[in-house]
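One structure below.
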2 protein chains.
Amino acid sequence: MGRITIKDIARALDIHPSTVSRALKDHPDVGMETKAAVKQLALELGYSPNQQAIHFRHRKSGLIGLILPSINMFFFPSVIQAAEEEALRKGYKLLVFQSGESLEKEKQIAQLCLDFRLEGVLVSLSKESQDLGHFEELRERDIPVVLFDKVLQGEQLPLVRIGDARAARLAVRHLFSRGYQHLIGLFDNVNLDISQQRYYGFKQAHEQAGLQVRNDWCFFAEKAVDCHKPLVQLLDEHPEIDGLFAMSDELLAEAMRVMDKTDRSIPETFGVVVISDGRLPYYLQPKVTYIHHSGYEVGRQATALLFTLMKGGTPERSTIEVPVSLVSLESTRRK
Amino acid sequence: MGRITIKDIARALDIHPSTVSRALKDHPDVGMETKAAVKQLALELGYSPNQQAIHFRHRKSGLIGLILPSINMFFFPSVIQAAEEEALRKGYKLLVFQSGESLEKEKQIAQLCLDFRLEGVLVSLSKESQDLGHFEELRERDIPVVLFDKVLQGEQLPLVRIGDARAARLAVRHLFSRGYQHLIGLFDNVNLDISQQRYYGFKQAHEQAGLQVRNDWCFFAEKAVDCHKPLVQLLDEHPEIDGLFAMSDELLAEAMRVMDKTDRSIPETFGVVVISDGRLPYYLQPKVTYIHHSGYEVGRQATALLFTLMKGGTPERSTIEVPVSLVSLESTRRK
DNA sequence: TTGTAGGCGTTATCAT
DNA sequence: ATGATAACGCCTACAA
């Protein structure tokens, strides 16, 4: 047997479905007795409205989408957590997608979002995505899109991010202030705007301190593991190197693996700072000083902004910068 | 302007919507020219079928649900990853929910799954869930439910898990084999079946080795941090303790924080083994020997089983045990 | 106060 | 080969 519908109740009570519909939602002009009867029967039969039908009728879906490049263990889990909580609070459900860092797949997913009438979409871009046409199309169909974290600068889409350059500046300045001066910089894929921004901050901090960035000490890694060998070599060839900045937890993990095998010792002769969600730094030995970049907060704000847009309370263009803070731990605590 | 529909195409071509529908899906008895005309216009107008309507018509939704107690950083991210991949491969979309370890919320979510006509649901239970009535109801409505990881034994629902007792036995035997004999056991919430199973394995291994489990050295922690103080005290009061088994990454992280501050040294005078997804053990110092418990594999198999059930290829009752393996690292490598 | 009709977009089943 | 009709479950003018 299928589920109980409004029609079933109507039939049983020998009244019209529309009356049942109205009774169920306390429509003002509906008889007390009918209302009571309907409600009671609904309860007895365990009626619950078919949301699919309701949404179809209203040309809504009650769904929002979250498109991620892929699910790592450090940052995106908190984003999912925050987005799901916010969504449910507003009576929405969250669909999670992975583009697998592929533009093609990202486009397919965008199309899916259209076909399923998602009411809003949160996106952290794949590294292949330099053009946002597929998301512009969503916006044209009145489906708001909010970019976060992996974003593209200067596009027409609202976005939520940290002050990436600022975060990197903070990190590097902290290293300088503790006397580490010859720094390696580890960055994610070179196409990503956040890589560029953080590199820019890295550079700025150098200039402001009257120091030169050594570009040959900077890596833009496709995958974290790719920086392993270059790091080993670099540390070997340049004894003067005494510090490292990593723009993400993944890169830090890799770097620390390398550091384990060198004779440099942290923090005595080598300083380390990372931009992190704030978990990994505590697991490592020594605990690593980090710029806190909360995935939860980014996710929360991005989702909140999305709902604002969905309600038509349109700033239609806007950028939110989630604040960051320095947490100084052992990796830069030198005497 | 809304989206292009079949009707728009029909009107433009002055034919009937049903013909358009047929033409679009290459129905055999549709004129060559009409078919061509329809397809071309569809392309020009950028028509794409409204999935919501299609699913409504078919009383399907194209959605499966994944209900988690809450999203941590170690295990569930890989589960989400696997489930999303499998779902998309089969043309389904994945909804992610968090019960927040609350039975009440879990019930609400189960109801949501009904109301939205989800076609299948994967569940890792909250610690409050001792009764599965709310999921039985789903099954009665022909919505398959597969439990994984945090499951309840002996219920009528299909489930995917590792051999929990076996995993714990492996871990403890390994400790014994390296000469660590006086072990602490760290377990998650006492209500969870996996806690019980892993405790059981912990105990079995002791018995098989002719040793006594010290129940006062076993903790069932509500939250990982809760075992901090007891651990400190225990290590302090009982110098003979020379090893520790943690049933999860979270517990291990906490334990290692404590170990940092003691004078025991790993692996020389103290051995550690954990059941883990295989990431954290490499970040810690020294690297921790673990029983590999792959979230990705559990998620993949659970989703695959779900789809089998959804297709009606019903074993309707079944249990899958995902194999585990021992990865021996530094924390048990004593001379 | 309640019933009637029409439609959200699509398709299965008739009939033509 | 195509058109007409009805239905999925619900809602909302409008009519009575």
Side-chain angles (χ1 to χ4, degrees), chain A residues 1-39 41-42 45-63 91 112 114-119 141-142, chain B residues 1-39 41-42 45-63 91 112 114-119 141-142:
Chain A
M1 175 215 69
R3 296 187 48 179
I4 307 295
T5 75
I6 275 189
K7 285 185 187 173
D8 297 323
I9 300 183
R11 210 172 307 127
L13 259 44
D14 198 33
I15 57 178
H16 204 268
S18 55
T19 309
V20 176
S21 170
R22 282 182 286 234
L24 252 15
K25 54 183 41 168
D26 278 320
H27 191 92
D29 39 53
V30 115
M32 290 291 282
E33 319 105 44
T34 24
K35 207 179 275 190
V38 166
K39 285 192 174 175
L41 188 57
L45 298 181
Y47 168 80
S48 71
N50 180 332
Q51 295 298 331
Q52 209 191 0
I54 293 174
H55 282 116
F56 175 55
R57 168 94 227 280
H58 291 146
R59 301 154 133 188
K60 296 260 154 92
S61 66
L63 303 174
L112 271 185
L114 266 176
D115 296 344
F116 276 83
R117 281 222 148 81
L118 296 218
E119 297 182 39
R141 312 265 199 183
D142 290 322
Chain B
M1 176 216 68
R3 297 188 47 180
I4 307 294
T5 75
I6 275 188
K7 286 185 187 175
D8 297 323
I9 300 183
R11 211 172 304 127
L13 260 42
D14 200 32
I15 56 178
H16 203 268
S18 53
T19 308
V20 176
S21 170
R22 282 184 284 233
L24 252 15
K25 54 183 42 167
D26 277 322
H27 190 94
D29 39 51
V30 132
M32 289 292 285
E33 318 105 45
T34 23
K35 208 180 273 189
V38 166
K39 284 190 175 177
L41 188 58
L45 297 181
Y47 168 81
S48 71
N50 181 330
Q51 295 298 332
Q52 211 191 1
I54 293 174
H55 282 117
F56 175 56
R57 169 103 227 285
H58 292 145
R59 299 155 135 182
K60 296 259 152 94
S61 65
L63 302 173
L112 272 184
L114 265 177
D115 297 344
F116 275 83
R117 281 222 146 80
L118 296 218
E119 298 181 39
R141 312 266 200 184
D142 289 321

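Computed over heavy atoms, backbone and side chain alike; hydrogens, waters and symmetry mates excluded. Naming convention: chains lettered A, B, ... in sequence-line order (proteins, then strands); numbering from 1 in each chain.
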Next on the checklist: Is the distance between the ring centroids of B/His55 and A/Phe56 under 6.0 Å?
Outcome noted: no
Next on the checklist: Generate the contact string for nucleotides 2-10 of chain D. Rules: B means base contact, S means sugar-phosphate contact only, - means no protein heavy atom under 4.0 Å.
Outcome noted: BBBB-BBBB
Next on the checklist: Identify the stems formed by DNA chain C, where each pair is Watson-Crick or G-U wobble with both distances under 3.5 angstrom and a stem is at least 3 consecutive pairs.
Outcome noted: C:1-16 with D:1-16
Checklist entry - Expressed in angstrom and rounded to an integer, what is the separation of A/Phe116 atom CZ from C/dT10 atom P? => result 13 Å
Next on the checklist: Could you check whether B/Asp115 pairs with A/Arg3 (Lys NZ or Arg NE/NH1/NH2 to Asp/Glu carboxylate O, under 4.0 Å)?
Outcome noted: yes
Checklist entry - Using 4.0 Å as the upper bound for N to carboxylate O, is an ion pair formed by B/Asp26 and B/Lys39? => result yes
Checklist entry - Expressed in angstrom and rounded to an integer, what is the separation of A/Asp115 atom CG from C/dT10 atom P? => result 10 Å
Item to check | Separation of A/Ser18 OG from A/His27 NE2 (nearest 0.5 Å) | outcome: 10.0 Å
Checklist entry - Between B/Val38 and B/Leu24, is any pair of side-chain heavy atoms under 4.5 Å apart? => result yes
Checklist entry - With a 4.5 Å heavy-atom cut-off, do B/Arg57 and B/Ile54 have their side chains touching? => result no
Item to check | Atom pair NZ (A/Lys35) and OG1 (A/Thr19), whose distance is rounded to the nearest 0.5 Å | outcome: 12.0 Å
Item to check | More than 12 heavy atoms from other groups under 6.0 Å of NZ on B/Lys60 | outcome: no
Checklist outcome for this item: From CG of A/Asp26 across to P of C/dT1 the rounded distance in Å is 14 Å
